[in-house]
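So the structure is just underneath, and the comments pick up after that.
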Amino acid sequence: MAEAASAWVDGLDAEQRATGVWEWPGSKAADAERVRWYYTPTDHGGLTLHQQRPHQQRAAMRLLSTGLSEAAYVTASTIMGLENVLDRTEGFTAAFGRDRGRDPAMYYLRVFGDPTGDGPWSWRFGGHHVSVHHLVLDGEAAAGSPCFLGVDPAVSPLLGGRELRPLGGVEDSARELLHGLDADQRARAVLTPRPPADIIAANRVRPRPGDRLIPLPELWRGHFEQGLEDRLWAMHDGLEAQLGVTEPDRASLELTATPPGVPATDLDETRREQLREILETFVGRMPPGLVERERARYDGEGLDGVAFAWAGGAERGEPHYYRLQGPHLLAEWDHTQRGVNHAHSVWRDPTRDFGLDLLAEHRARHHT
């Protein structure tokens, strides 16, 4: 990872480096920027791919590949390419105040700190439906969350009557568990028959109990001119109305300290294995050398603290949402938008997101 980051940094000119490489945060403003993240087609902060020469783009993608498993890297690359498909769906029109609203090169990379030095450093890669973060501390890749992958369209036609479903496994594995629950378990797992319009934790730095869905217009860096802002609000309000979301639904789906739904301790071994399969679609995003650490958290009794919760319809094509939550886990999936053909998924570790707690411990050891 350090080698790939250094190669990318060394290949930039001075102007590119000013945008793509920042010193390790030493102020509150810089710290705030390091943990700022999005999954909408907004300015994620950093150097975009189309601001880079082809060999620099290759180096950027190489760095991204060090932070993801092969399956996750293929998925992320496919998601980026789907911007071309989404552009066609929307009639190849300008959007979001840009000449090209759906842009497969509008993905940003920024490195914080010196990958060749002894101090902490990090990097983030993000754009529409992709957001990857890694912190390196004391020479170790210490934190790799949040990791967001979304897809629009979620299902695309391929030649020969086949389908392209980049996140199909994230959806199908959870539905299989839902259908495998007995009546009592299912009653506890399904929090509400109406799903939310998006993931609940959204792009918060630190999700907390009581958090509720953030409306679409607030998931961007800055604000748009009033006409576009109004249109985004109309899209959000229209989707909630279409889903039939009520205030009791919002209350049922807000984040809680105690994981909602049915806990792993109430599942037989077959259902526990299905739960592990769902987990793998989230923690399996990490590359070799890091994924083993994440899987080990759920070995044996480590799985007991995880609970599975669902909202919405139970069949493919019906709007739905699910959540996995445990001591080191907050994973969300939402498939409700664009006629149930636009999905969001995120894997988080509230104790390690951005490495904030690890950095606090590091500073306490070395600077007090």
Would Met106 and Glu83 count as a side-chain contact (heavy atoms from CB on, under 4.5 Å) if you check the C-alpha gap in whole Å, the side-chain angles of each, and the deciding distance to 0.1 Å?
-> CA-CA 9 Å; Met106 189 66 73; Glu83 289 294 283; over 6 Å; no

Chi angles and distances behind the side-chain contact (heavy atoms from CB on, under 4.5 Å) call for Leu213, Leu253 = CA-CA 9 Å; Leu213 181 143; Leu253 290 166; over 6 Å; no

Worked check of side-chain contact (heavy atoms from CB on, under 4.5 Å) between Leu135 and Arg352 = CA-CA 10 Å; Leu135 168 73; Arg352 284 178 178 260; over 6 Å; no

Verify salt bridge (Lys or Arg N to Asp or Glu O under 4.0 Å) between Asp172 and Arg175, making sure each step is shown before the conclusion.
-> CA-CA 5 Å; Asp172 294 347; Arg175 183 176 293 109; 3.6 Å; yes

side-chain hydrogen bond (donor to acceptor under 3.5 Å, both in side chains) between Asp198 and His344, intermediate numbers included = CA-CA 7 Å; Asp198 200 354; His344 292 168; 2.7 Å; yes

Would you please test Glu294 and Leu329 for side-chain contact (heavy atoms from CB on, under 4.5 Å) and show each step?
-> CA-CA 10 Å; Glu294 304 306 331; Leu329 175 70; over 6 Å; no

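At a cut-off of 3.5 Å, with distance as the only test, no side-chain donor of Ser145 or Asp349 sits close to an acceptor on the other residue. Side-chain contact check for Thr48 and Gln51: at least one donor-acceptor pair (N or O, by modelled atom type) lies under 3.5 Å. In this structure, a donor-acceptor pair under 3.5 Å is absent between the side chains of Asp249 and Ser252. In this model, no donor atom of one side chain and acceptor atom of the other lie less than 3.5 Å apart for Arg188 and Gln185.
Side-chain atoms of Glu90 do not come within 3.5 Å of backbone N or O of Thr93 as any donor-acceptor pair. In this structure, the side chain of Ser69 engages the main chain of Gly284 through a donor-acceptor pair within 3.5 Å. Although no hydrogens or angles enter the test, the distance criterion places a donor-acceptor pair under 3.5 Å between the side chain of Gln325 and the main chain of Thr256. No donor-acceptor pair under 3.5 Å is formed between the side chain of Glu240 and the backbone N or O of Ala197. A side-chain donor-acceptor contact under 3.5 Å links Asn341 to the backbone of Ala154. Asp211 contributes a side-chain N or O that, together with a main-chain N or O of Arg208, makes up a donor-acceptor pair within less than 3.5 Å. Between the Arg34 side chain and the Phe354 main chain, a donor and an acceptor come within less than 3.5 Å of each other. Side-chain N or O atoms of Thr66 include one that pairs as donor or acceptor with a backbone N or O of Leu63 at under 3.5 Å. Distance alone, capped at 3.5 Å, is enough to place a donor-acceptor pair between the Glu318 side chain and the Glu315 backbone. The closest donor-acceptor contact from the side chain of Asp13 to the backbone of Glu15 lies under 3.5 Å.
Two residues are said to be in side-chain contact when any heavy atoms from C-beta on lie closer than 4.5 Å; Arg102 and His128 meet this criterion. Using a 4.5 Å cut-off on side-chain heavy atoms (C-beta onward), Arg124 and Glu33 make contact. Between Met286 and Arg293 there is no side-chain heavy-atom pair separated by less than 4.5 Å. For the pair Leu178 and Arg186, the minimum side-chain heavy-atom distance is below 4.5 Å. Residues Leu356 and Arg206 are in side-chain contact: their nearest non-hydrogen atoms beyond the backbone lie under 4.5 Å apart. The shortest distance between side-chain heavy atoms of Arg271 and Leu177 falls below 4.5 Å. Residues Thr89 and Asp152 fail the side-chain proximity criterion, which asks for heavy atoms closer than 4.5 Å. Counting heavy atoms from C-beta on, the side chains of Glu218 and His236 never come closer than 4.5 Å.
Residues Pro115 and Ala2 come closest through the heavy atom pair O-CB, 3.6 Å. Closest of all the heavy-atom pairs between Leu82 and Pro166 is CD1-CG, 4.0 Å. Nearest heavy-atom pair across Pro195 and Thr336 is CG-CG2, 3.7 Å. The heavy-atom pair separating Pro153 from Val151 by the smallest distance is O-CG2, 3.1 Å. In this structure, Gly305 and Pro327 approach most closely via the heavy-atom pair O-CD, 3.7 Å. When all heavy atoms of Phe308 and Ala174 are compared, the pair lying nearest together is CZ-O, 3.7 Å.
Within 6.0 Å of CD in Glu273 there are more than 12 heavy atoms belonging to other residues, nucleotides or ligands. Environment of CD in Glu292: crowded, with over 12 heavy atoms of neighbouring residues, nucleotides or ligands closer than 6.0 Å. Residue Arg221 places its CZ atom among more than 12 non-hydrogen atoms of other residues, nucleotides or ligands, all under 6.0 Å distant. No more than 12 heavy-atom neighbours from other residues, nucleotides or ligands sit within 6.0 angstrom of NE2 on His223. At most 12 non-hydrogen atoms from other residues, nucleotides or ligands lie less than 6.0 angstrom from CG of Asp99. At most 12 heavy atoms of other shown residues, nucleotides or ligands fall within 6.0 angstrom of atom CE in Met235. The local environment of CD in Glu247 is crowded, with over 12 non-hydrogen atoms from other residues, nucleotides or ligands closer than 6.0 Å. Heavy-atom contacts from other residues, nucleotides or ligands closer than 6.0 Å to CD of Glu23 number 12 or fewer.
Using bins of under 30°, 30° to 60° and over 60° for the plane-to-plane angle, the ring pair His320/Trp310 lands in the parallel bin. In this structure, Phe148 and Tyr39 have parallel ring planes: the angle between them is below the 30° cut-off, well short of the 60° mark. The aromatic rings of His44 and Tyr108 lie parallel to each other, their planes meeting at an angle below 30°, with 60° marking the opposite boundary.
Connection of Val9 to Trp121 is established within a shared hydrophobic cluster, with ILVMFWY side chains joined at heavy-atom distances below 4.5 Å, either directly or through further cluster members. Taking hydrophobic clusters as Ile, Leu, Val, Met, Phe, Trp and Tyr residues chained together by side-chain heavy-atom distances below 4.5 Å, Leu167 does not share a cluster with Leu86. Both Val291 and Leu275 are assigned to one and the same hydrophobic cluster, defined by single-linkage of ILVMFWY side chains at heavy-atom distances under 4.5 Å. In terms of hydrophobic clustering, with Ile, Leu, Val, Met, Phe, Trp and Tyr side chains grouped at heavy-atom distances under 4.5 Å, Ile199 and Leu149 are assigned to different clusters. One hydrophobic cluster, built from ILVMFWY side chains closer than 4.5 Å, cannot hold both Leu49 and Trp37; they sit in different ones.
Under the 4.0 Å criterion applied to side-chain N and carboxylate O atoms, Glu269 and Arg276 are assigned as salt-bridge partners. Salt-bridge annotation for Glu332 and Arg348: absent, with no side-chain N of the basic residue lying under 4.0 Å from a carboxylate O of the acidic one. Here Asp103 does not pair with Arg98 in a salt bridge; the nearest charged N to carboxylate O distance is not below 4.0 Å.
With rounding to the nearest 0.5 angstrom, the CG atom of Leu216 is 11.0 Å from the CZ atom of Arg231. The distance from the CD atom of Glu176 to the CD1 atom of Ile278 is 8.5 Å, given to the nearest 0.5 Å. Interatomic distance, Asp304 CG to Leu267 CG, rounded to the nearest 0.5 Å: 9.5 Å.
Taking the ring centre of Trp8 as origin, the terminal cationic atom of Arg62 falls outside the region bounded by 6.0 Å and 45° from the ring axis.
Remark: Asp43 engages no residue in a side-chain hydrogen bond (donor to acceptor under 3.5 Å, both in side chains) (not counting sequence neighbours).
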